[in-house]
Amino acid sequence: MLDPKLLRSDLANVAARLARRGYALDVDRMKTLEARRRELQTRTEELQAERNARSKAIGQAKGRGEDIEPLLAEVSDLGERLEASSSELAEIQAQFDAIVTGIPNLPHESVPSGQDEEDNVEQHRWGTPREFDFTVRDHTDLGALYGYLDFELATRLTGSRFAVMRGPIARLHRALAQFMLDMQTRQHGYEEFQVPYIVNDDSLFGTGQLPKFGDDLFRLEGDQNYYLIPTAEVPLTNIVRDAILKADQLPLRMTAHTPCFRSEAGAYGRDTRGMIRQHQFDKVEMVQVVHPEHSYEALEEMRGHAEAILQALELPYRTVLLCTGDMGAAAAKTYDLEVWLPSQNSYREISSISNAEDFQARRMHARFREQGQKKPSLLHTLNGSGLAIGRCLLAVMENNQQADGSIVIPEALRPWMDGIEVINAPD
RNA sequence: GGAGAGGUGGUCGAGUGGUCGAAGGCACCGGUCUCGAAAACCGGAGCGGGUUCACGCCCGCCGAGGGUUCGAAUCCCUCCCUCUCCGCCA
């Protein structure tokens with residue numbers, strides 16, 4: 001959420017910056033609503049003040065044993081006028097809020113303008129895609145070869161876009177998760193969390209999925225407004241909702257391994273084959289809660305924390321700076337890491353690292369108190385995948401495959417695989 | 001799931017429907033005292049919003065949302081949460 005004060009004082013400039021990411025702010029409507037709001041709020045508060053004063057006077061008169069009938073007569077229509085004014089104010093306020101809560105974050109000045117992923121800017125590449133002297137299989141074929149990865153079974157159990165992993169592939173999946181968690185906690189200073197996989201609507205509002213992107217979420221039956229988490233970013237970031245931290249507690253570095261559930265309502269028809277785009281996938285997530293002055297250092301740092309995983313696994317990747325049109329609504333700046341997939345002969349997203357600045361903090365009322373400062377100020381929040389485990393699994397499978405369909409386990413991962421070096425056909 | 005008791009400021013804890021944003025204790029900050037500290041004493045302190053050049057003034061907030069009333073922390077309704085006992089379960 002943007003600062004409502006900024007929307008009042010610098011509307012034209014805000015609109016211009018939003019236009020850069022393709023968001024058309026209705027400036028005239030905002031001006032009209034704001035003028036109306038101001039008028040109604042002033043009047044409502046005046047009426048409230050009058051009510052308070054008169055009620056107090058009635059109480060005092062009664063205390064002195066005086067006749068309060070005349071005083072009551074004086075306030076007879078006050079309630080109605082107040083009700084009329086305040087309900088109209090609530091109406092205007094609701095319209096204003098509906099717009100404000102739907103406005104995306106302002107892009108950082110270093111973010112290139114652009115429409116979609118075509119306009120993203122590659123920052124650098126790491127590793128060299130391997131040359132194969134045989135025809136590469138994609139992970140779906142590799143998994144099917146020995147029955148370690150079964151999409152048809154998952155379809156029978158549930159429906160489309162789910163996977164069943166078994167034996168060594170299931171084991172590899174677990175190893176990846178453990179490996180990533182251990183790296184983030186032991187080497188990068190994150191605290192490990194185990195969080196609910198179901199959250200309420202307040203949490204989803206806080207991180208910005210609601211109210212606008214509810215279609216991408218799985219909502220639970222019942223009247224509790226419960227949703228399956230689309231990412232651990234939601235529970236982890238909301239840990240600081242409604243909190244006022246002390247400056248010396250910062251930065252907070254949190255990580256968690258969770259499943260993520262996405263209905264991907266807008267993405268049907270894309271990546272229908274394999275486990276690139278699933279309704280359920282596991283991810284190790286990193287979240288940082290930092291002092292506003294340090295959030296861009298933290299962004300670079302987190303990018304490094306995610307890259308370190310890919311480097312350790314010896315997976316070729318490239319780093320991409322997202323353009324304004326490809327960023328999520330909460331992000332001011334986002335890097336994507338894209339891993340090399342031989343079967344697609346291209347790089348595919350495996351991690352996304354964003355600085356939300358105070359966008360989420362404002363929605364969550366997440367603040368901190370600067371040493372010696374009276375007023376609390378908003379924190380900055382960042383999140384990044386470190387990494388998406390399903391996609392990492394398929395990247396390992398495809399990049400490390402051999403002619404017979406066996407898969408070499410990356411060196412760094414072997415301690416988490418009981419020393420298994422190659423995934424072969426079952427005995 | 002059944003029965004009961006509760007949700008008040010950083011914390012503990014008062015609060016007959018009327019000057020209550022709310023006593024008091026603790027913790028906290030500033031000051032006096034002290035070589036320094038402790039103790040004692042004095043004082044200050046919540047969050048959000050509106051308005052003002054500013055001092056300030058005003059509004060809202062006692063789990064959440066409704067309602068009754070001139071007036072609600074206090075009365076009524078719905079929901080959420082916590083605790084105790086029983087049952088069930090991992």
Side-chain angles (χ1 to χ4, degrees), chain A residues 1-9 11 30-97 99-101 194-206 210-211 219-227 235 238-249 358-379:
Chain A
M1 197 163 93
L2 301 184
D3 186 354
K5 285 179 188 143
L6 195 64
L7 284 165
R8 284 174 205 144
S9 62
L11 187 57
M30 293 296 285
K31 278 185 184 162
T32 310
L33 283 174
E34 169 57 16
R36 193 84 186 107
R37 190 223 97 233
R38 181 186 298 242
E39 181 189 336
L40 283 165
Q41 180 163 346
T42 307
R43 191 184 348 146
T44 302
E45 289 184 359
E46 277 169 6
L47 288 168
Q48 283 172 326
E50 188 182 344
R51 180 199 61 194
N52 292 347
R54 289 187 182 269
S55 292
K56 193 181 271 192
I58 290 173
Q60 287 167 339
K62 208 174 173 185
R64 290 190 299 265
E66 296 169 7
D67 179 17
I68 60 169
E69 280 305 319
L71 291 172
L72 285 178
E74 281 177 34
V75 294
S76 59
D77 71 328
L78 191 61
E80 268 176 44
R81 285 191 292 147
L82 178 56
E83 169 57 28
S85 179
S86 69
S87 65
E88 197 181 344
L89 174 63
E91 172 60 29
I92 294 291
Q93 199 75 259
Q95 288 178 34
F96 190 84
D97 289 348
I99 295 173
V100 172
T101 58
Q194 179 59 237
V195 293
Y197 303 156
I198 296 172
V199 292
N200 60 33
D201 51 352
D202 287 336
S203 292
L204 287 158
F205 178 83
L210 290 179
R219 187 180 190 280
L220 271 52
E221 282 284 340
D223 43 25
Q224 293 251 275
N225 292 323
Y226 282 175
Y227 297 79
N238 275 279
I239 284 172
V240 295
R241 172 148 54 93
D242 292 322
I244 300 179
L245 304 180
K246 294 190 182 118
D248 61 15
Q249 292 177 270
D358 64 11
F359 186 88
Q360 296 178 323
R362 184 170 290 106
R363 296 169 87 94
M364 293 191 299
H365 308 121
R367 294 161 295 170
F368 75 105
R369 209 183 301 274
E370 195 96 65
Q371 193 73 33
Q373 200 102 58
K374 195 169 147 56
K375 282 282 164 194
S377 349
L378 290 169
L379 291 157

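Labels below follow one simple rule: chain letters A, B, ... track the order of the sequence lines, proteins then strands, and each chain is numbered from 1.
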5'-most contact on RNA chain B: Gln48(A) or Gly79(A), nearest heavy atom basis?
Gln48(A)
Would you indicate, yes or no, if C29(B) has its OP1 or OP2 atom less than 4.0 angstrom from a side-chain nitrogen or oxygen of Arg369(A)?
no
Roughly, in whole Å, what's the span from OH in Tyr226(A) to P in C79(B)?
15 Å
Below 4.0 Å: OP1/OP2 of G71(B) and any side-chain N or O of Arg54(A):
no
Just do the side chain to side chain contact (heavy atoms under 4.5 Å, CB included) check on Val100(A) and Met30(A) with the steps written out, would you?
CA-CA 9 Å; Val100(A) 172; Met30(A) 293 296 285; 4.2 Å; yes
Please name the nucleotide paired to A14(B) by Watson-Crick or G-U wobble geometry with both distances under 3.5 Å, or report none.
none
Pick the C1' atom in G9(B) and in C28(B), then give their distance to the nearest Å.
13 Å
Considering only atom C1', compute the distance from G67(B) to A72(B) and round it to an integer number of Å.
11 Å
Residue Ile58(A), side-chain atoms from C-beta onward, closest of C81(B), G50(B), G18(B)
G18(B)
Could you tell me the Watson-Crick or G-U partner of G60(B), where both distances fall under 3.5 Å? Say none if there is no partner.
C47(B)
Select base, sugar-phosphate, or nothing to describe what Lys375(A) touches, counting heavy atoms under 4.0 Å on all strands.
sugar-phosphate
Rounding to a whole Å, what distance do you find between Lys5(A):NZ and G48(B):P?
9 Å
How far does the C1' atom of G13(B) sit from the matching atom of G65(B), given to the nearest Å?
27 Å
What's the gap between G18(B) and U74(B) when it is taken at their C1' atoms, as a whole Å value?
11 Å
Phosphate OP1/OP2 of G49(B): any Arg38(A) side-chain N/O under 4.0 Å
no
Listed nucleotide nearest any side-chain atom of Pro376(A), set G48(B), G50(B), G71(B)
G48(B)
Would you check if Ser85(A) and Gln48(A) make a side-chain contact, meaning some heavy-atom pair closer than 4.5 Å?
no
Tell me what Gln60(A) touches on the nucleic acid: a base, only sugar-phosphate, or nothing, going by heavy atoms under 4.0 Å.
base
Go ahead and name the base partner of A40(B); Watson-Crick or wobble counts if both distances stay under 3.5 Å, otherwise write none.
U32(B)
Please measure how far the P atom in A90(B) lies from the corresponding atom in A14(B), and state the result in whole Å.
41 Å
Using Watson-Crick geometry (N1-N3 plus N6-O4 or O6-N4) or G-U wobble (N1-O2, O6-N3), each under 3.5 Å, A90(B) is paired with none
Measuring only the C1' atom in each nucleotide, how far is C59(B) from G21(B)? A whole number of Å is fine.
13 Å
Closest heavy-atom contact between Arg362(A) and Asp3(A)?
NH1-N, 3.2 Å
Kindly say if Asn52(A) contacts the phosphate of C59(B), meaning a side-chain N or O under 4.0 Å from OP1 or OP2.
yes
So what's A27(B) paired with, Watson-Crick or G-U wobble, going by both distances under 3.5 Å?
none
Hey, does Gln224(A) reach any base, or is it just sugar-phosphate, or nothing, if we go heavy atoms under 4.0 Å?
sugar-phosphate
Round to the nearest Å and state the distance from Glu39(A) atom CD to U51(B) atom P.
13 Å
If pairing means Watson-Crick or G-U wobble with both distances under 3.5 Å, then the partner of C55(B) is none
Min side-chain heavy-atom separation Arg37(A)-Arg8(A) under 4.5 Å
yes
Can you measure Asp3(A) atom CG to G48(B) atom P for me and round it to whole angstrom units?
13 Å
Walking RNA chain B from its 5' end, the first of Gly59(A) and Gln41(A) to be reached, judged by nearest nucleotide, is Gly59(A)
What is the distance, rounded to the nearest whole Å, between atom CG of Leu89(A) and atom C1' of G49(B)?
11 Å
How many Å lie between NZ on Lys246(A) and P on G10(B), as a whole number?
12 Å
Provide, to the nearest angstrom, the distance between the CG atom belonging to Leu47(A) and the P atom belonging to G71(B).
13 Å
Mind checking if Arg367(A) touches a base, just sugar-phosphate, or nothing, with heavy atoms under 4.0 Å?
sugar-phosphate
Here the distance between atom P of G48(B) and atom CG of Asp242(A), to the nearest Å, is 12 Å
Whole-angstrom distance between G43(B) and G25(B), as gauged at atom P:
12 Å
Find out whether Ile244(A) and Phe368(A) are in side-chain contact, i.e. whether some heavy atom of one side chain is under 4.5 Å from a heavy atom of the other.
no
Do you know which of Arg43(A), Glu39(A), Glu45(A) makes side chain to side chain donor-acceptor pair (under 3.5 Å) with Gln41(A)?
Glu45(A)
Can you check the distance between G49(B) and C85(B), where both ends of the measurement are the C1' atom (answer in whole Å)?
46 Å
Minimal non-hydrogen separation, Met364(A) against Arg241(A), with atom names
O-CG, 3.3 Å
Nearest non-hydrogen partners of Asn238(A) and Asp202(A), listed with the distance
OD1-O, 4.2 Å
Which one is paired to U82(B), where only Watson-Crick or G-U wobble pairs with both distances under 3.5 angstrom count?
A5(B)
